[in-house]
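Report on the following structure.
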Amino acid sequence: MSPERRVSRGRFAALVTLAVLLRAAAASAAGAGAPTNGTAPAERRLAEGRALLEAGRLEDARRSLQAALELNPKLAEAHDQLGFALGRLGRTQDALAEFRIAVQLRPDLFEAHYHLGATLWWTRDLEGALAALQSAVALRPKHAEARYYLGLTLKQTGRLERAVQELRRAAALDPRLPAAQLQLGVALREMGDAEGAVAALRAARALDPNLADAANALGLALMEKGEAEEAVRTLEALVRKDPRNTTARLNLGTALLQKEDLDAAVNVLQELAQQAPSSAQAAYNLGLAFKQKDEFAAAEAELRRAAALDPALPEAPFTLGVVLWQTGRGAEAADAFREAVVRRPDYGEAHYMLATVLKQSGDLDGALKEIRESLRHRPEAADAYLGLGQLLQQKGERSEAAAAFAEADRLNKKKADLQAATFALSRGRGQLKAGDARGALAAFREAVGLAPENGAAHFALAQALARQGARAEAQRHFEEAHRLAPYLSVPEARD
Amino acid sequence: MAARLPRAALWLLAALGLGARAATDEALDFSFTNVAKEAGLEAVTVFGGRDANKYLLETTGCGAAFLDFDNDGWPDIFLVNGTTLDGFPKGQEPTNHLYRNRGDGTFDDVTRKAGLVQGGWGQGVCAGDYDNDGFTDLFVTYWGQNHLYHNRGDGTFEDVTERAGLKQSGTRWGTGCAFLDYDRDGRLDLFAANYIDLDLATAPTPESGVCRYKGIKVACGPPGLKGGKNVLYRNTGDGHFEDVSAKTGIAGASGTYGLGVSTLDFDGDGWTDLYVANDSNPSTLYRNKQDGTFEDIAVASGCAYSQDGKPQAGMGVAIGDYDRNGTMDVFKTNFAGDTSTLYSNTGRGYCDDRTFAAGIGVNTRWLGWGVGFLDLDNGGWLDLFLTNGHVYPEVAQLQTEAGYKQRKVVYRNRHDGRFEDVSMRLGPPVTTPKAGRGTAFGDYDNDGHVDVVVNNVHDGPDLFRLRSDAPNHWLSVKLVGKTSNRSAIGARVRCAAGGTVWTEEVRGGGSYLSQNDLRVHFGLGGAAKVDRLEVRWPKGLEETWTDVAADRILTLEEGSGRPVGAAR
C-alpha cells in the first residue's frame, strides 16, 4: 500500500468528522439562501441525517437524507451528506453521483466540491479530483485539508512545483497537519531539495512521531543529503518499532551501506532476505554489501538471485557483470551487461561497461557501437568520450579521436568547475554571515561564472543583488534559478 | 518508498581477481622485521592535527629517502618532517632527520651536525649529485618554500636554495620531486610536482559542511581547489637552476594535483620521461621529445585513467619491469574504495591496464601511498610493497573496516602476469596498522635484500628489514657517471643471467614523495653469475661487462666497460 493511501484511509474517517463539524457550523448560519419549498421539514430530515451520521448509524442516516431529498430534491446539502453516507457504506459510485448533483445545484458549496474531490482522489481519478479540489480551495482558500489533498493530487500527477506550493500553504494554514509536512518532504525530495525535504519530514515527525512513512522518508532524504549516521538512527528506530516493516529494513540496510558499516548492513539485509525472500531489492543490496566486503562469491550468488527474482531489475545483471568483469570472466560479464540493456535499453552505464569489456576482448567495432549507444543516453559522460577517443585512436581515426578526447576534457573541467562553484558559494555564504556583502556578491558571481547551470548559485547571487537594490538583475537570476531548480521559488511567489 | 542504491560507482567495485581463489599453501620464503627502534630511527613525524584536519595540507604526510650521503657504501636515511597549524615555539619545531648508517644495523641522527635542521610543512625528498662533485645532494619540497641542500662532502650540507635560483615568489605546494637529466647535458635538472595552490585564508573548511566523506565533515579538496602547476628547473651548470616549466611544456599537463613522481624511460629511446600520479585527475606522463620539451601523453597512451575511464586519486608510483618484457611498467596507489592501478607498458607507446587481470583488484579498502617494486626472494620477479593509511583521521568515527591506520599490502609476483596478496600470511609488522605515507626502498644492510623505510604520521618510522631463505642470487649495481650525470639517473641496465634478461633503471624520485636507493638491484634466481651486464648511460653511451659474479655490490664507472656501439 502506498504511503499516501495508508495515511489517507485513516484520514477519510477524520474527513467525515471534520465535514460534520463544518456542516454543523454552516447549518447554524443557514438563512435566506435556503430553498423555501418544503424547507423546514427537509431541513429537519437533513439535520437528523447528519446526527445519525455522526452517531455512525449509516443506514438510518441514508434513509433520513433520502427522505430530505424527497421533500426537497434541490437541497444540495442533503445530496452532499447523502453522498457521504453512501461513501461510508462502500457505495462509492453512488456517493460520487450525489456529490456531483450537489455541486451542480450549489456551485458555491465548498463541502460538496471537497468531498467530490477527495472521493475522486480515493478512486484514483486524479484529474477529476484535481478539478474538484481546485474548486474547493477557490471557495475556501484557508481550508488546510483541502489544500493538502490538492497538493497531494498535484504531486501524484507529476506537477511537483505546484504541489510543493499547495502543500506549503496547507502546512502554513494548519501547522498541526503532519501529513502536509510529510508529503511536502516527499515532494521536495523528488525535486532534489534534500535540505528542504529533511526539514519538512522532521517537522512531520515532530507533529506525529508515529508517522512511519515520515520516518522512512526522512531516512531516505538524510541518505541523499549524505547524513548516513542520522539516517541509520532514524531507520533503526522505525525497524525496532515495527520489525515487520520491510521497506524500512531495506532502507536501513542501504543507509548502513552508505555509512560503510558493512557488517551491520549484511546482518540487516540477511534478516530482510529471510523476512522477504522474494525481495529482489534486498538480494541486490545484500550482493552489494558482500561485494564491498570483498566477499566475492557471496556477492555473485546474491546478485544472481536478485536478477532471477526480478526480471525487470536491470541493476542486478549490471552489477553482476561488473563482478564478473573484475574476476576476469569477460565473456560472462558481456552477457550480463547485455541482459542489463535488454531489461533497460536506455541503461547508458551498462552500454558503457559492455563497450569496455568488448574493447578488452578486441571487438573494437562492437565496443564502438556500444559506446555510441552509451553516449546517446549519457551525453555528459566524460568517461564514455574518453573511451570513444581511445577506440577511434586504435582504429586510426585520429581527428575524431582528438575531438572525443577534447570533449572528455571539457566535461571533466565542467565537473571540476562545479566543485569549485560549490566552494565559492559556501565562501559567499560565510562572507554574508560575517557581514561582508561585497565579498559575498563577488563569491556568488564567481560561483555562477564557474557553474552557470547551478540553480543554487543563481539564487544566492539573486538574493545578494536584491539586497543591493539591483532588482532587474536579481530578477533575472531568480528566474534562472527557478528554471534550473524548480523548488527555488522567485520570492514574490512565496507564501 | 524503498531506496534503490545508485548503481555502485565502478571505482567502488573491487577487482576481485584472486580474491575468489584460495591462497597457495606453500610457505613464504621471505619475511619482514621492523627494526626501526633498534636501528635508532625514533623521531616522530608531526603532521597536522591528530584527530581532525582542517585543511588537506594536514593530511599528506612526508617522504623518505635512501641515499649514501657520505659515500661509505652504506645507505643512509633521510626522513622529512612536518608541523601543525598551531606551530611550535621557536627552537622546538619538528625537523627533518638525516640518519647516518653506521654499517652495523644502526643509525646515527646527524641532522644537526649535517646542517639539515629545518621545520615547516615538509613534503617530498629527492636525491642526486646535481653538481657532479661526487656527493649526493638533497632537494626537499614544502608547502611554502622548497630547499636545495648541497652536500659539501664533509658530512655537512649547505642550504643553497636562493643561490641556486630556486627561491619562489610565493607559497607553492611542492610534493614529489626528482632529479633527472632531461636534456642529456650531463647535469641533473630538477622536477617538482605541485599539488594545490592552497591559500589558507580562503580555502573552504570542514565547518562549511560542503566537504564530506561518507557523511562526516572533512578537509576540502582537491577537486574544487585550484591545482598547482608542476615545475622543471634546468641546471645551468654553475650551481644555478633556471625555471623552464613553460618553455619545456611541463606546465601544460592535462592533469593537476600532482603527488608521486618518478622518472622512467617509457618509450625506451634513451631520453628520460616522467610519470606523475595526480590526485583526482588523470595521471601525467611527460614524454621527453628529445628537443628540450615534453608532451603529456598519459591520456592518449592509456596510462592516465582507470580501466573504465575514471580519473583516480593517484598518490604513489612505482616503476619496474614486472612482466620481464623489457619495458618499464607503472604501478600507482589510489584512494580507498578504489583499486591500485597496474599499467603494463606494451612497448608500443601505450599502456595496457592489467589491474584486474593481474589480480591487483582484490583490495579496495586500503588507501595507498608509498609503493615500490622489489624482488622479495630474489627469485627474479618483481613483487610489490604498498604502504597504506587513510587520509582523514576523522574516519575513526566510521565503522569501516580499514580505519585511519592501515596495514601494508604485499603482492607476490606469481610469474604468470598475476600477483597474489600475501600480506596476511606475512603477519606483523606487515599487518600492523599504521598511518603510513612516504616509503623508500633500499638495501640498507647490504645483505642483498631490498629493505623498506616508511615515514608514518604522528609516529616513528618503520624500517622493514627483508630476510629470505630462498637460495637465490642477486646483484646490486652502483653506477657512476663520468660524462653523464654522476648519479647516473636515467641509466638503463640490462642484466642477462641463466637465460633470463632483466631490465632496470636508475631513477629519480619514486614511490610517494620519496627517493629510493640509487643502486640498481637484480634478483637472479638460481643464476650464480651474470653473463652480461649492459648499461646505457644517460648521455647515450652503451657499455657491457661480462661474467660478473653475483651476490655482491658492484660499482661501474662510465667508460670502464666495453662499448656496444656508437652513442645515440
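Sequence lines set the chain letters: A, B, ... in the order given, protein chains first and strands last, and positions in each chain run from 1.
Here the OG-CG distance, from B:Ser280 to A:Asn412, works out to 11.5 Å after rounding to the nearest 0.5 Å. With rounding to the nearest 0.5 angstrom, the OG atom of B:Ser254 is 13.5 Å from the NZ atom of A:Lys413. With values rounded to the nearest 0.5 angstrom, B:Arg365 atom CZ is found 11.5 Å from A:Gln292 atom CD.
Residue contact with chain B, scored on non-hydrogen atoms closer than 4.5 Å, is absent for A:Asp417. The parts of B:Ala300 that come within reach of chain A are both its backbone and its side chain, each placing non-hydrogen atoms under 4.5 angstrom from that chain. Contact of B:Pro223 with chain A is made through backbone and side chain together, with heavy-atom distances under 4.5 Å. Within the 4.5 angstrom heavy-atom criterion, no atom of A:Glu224 approaches chain B. Interface residue B:Gln307: backbone and side-chain heavy atoms are both found under 4.5 Å from chain A.
Within a 6.0 Å sphere centred on NZ of B:Lys405, heavy atoms belonging to other residues, nucleotides or ligands number 12 at most. Heavy atoms of other residues, nucleotides or ligands lying less than 6.0 angstrom from NZ of A:Lys415 number 12 at most. Within a 6.0 Å sphere centred on CD of A:Glu195, heavy atoms belonging to other residues, nucleotides or ligands number 12 at most.
The closest side-chain heavy-atom distance from A:Glu229 to B:Gln397 is not below 4.5 Å. Side-chain atoms of B:Tyr350 and A:Gln393, non-hydrogen and from C-beta on, never get closer than 4.5 Å to each other. Two residues are said to be in side-chain contact when any heavy atoms from C-beta on lie closer than 4.5 Å; B:Asp308 and A:Asp383 fail this criterion.
Taking A:Gln390, A:Glu230, A:Gln360, A:Arg429 one by one and counting their heavy-atom pairs under 4.5 Å with chain B, the maximum is reached by A:Gln360.
Of all heavy-atom pairs between B:Gly221 and A:Phe423, the closest is N-CZ, 4.1 Å. B:Ser208 and A:Ser426 make their closest contact through CB-OG, 3.1 Å (heavy atoms, listed as atom of the first residue, atom of the second, distance).
Of the possible polar contacts, none joining the B:Tyr305 side chain to the A:Gly387 backbone as a donor-acceptor pair under 3.5 Å is found.
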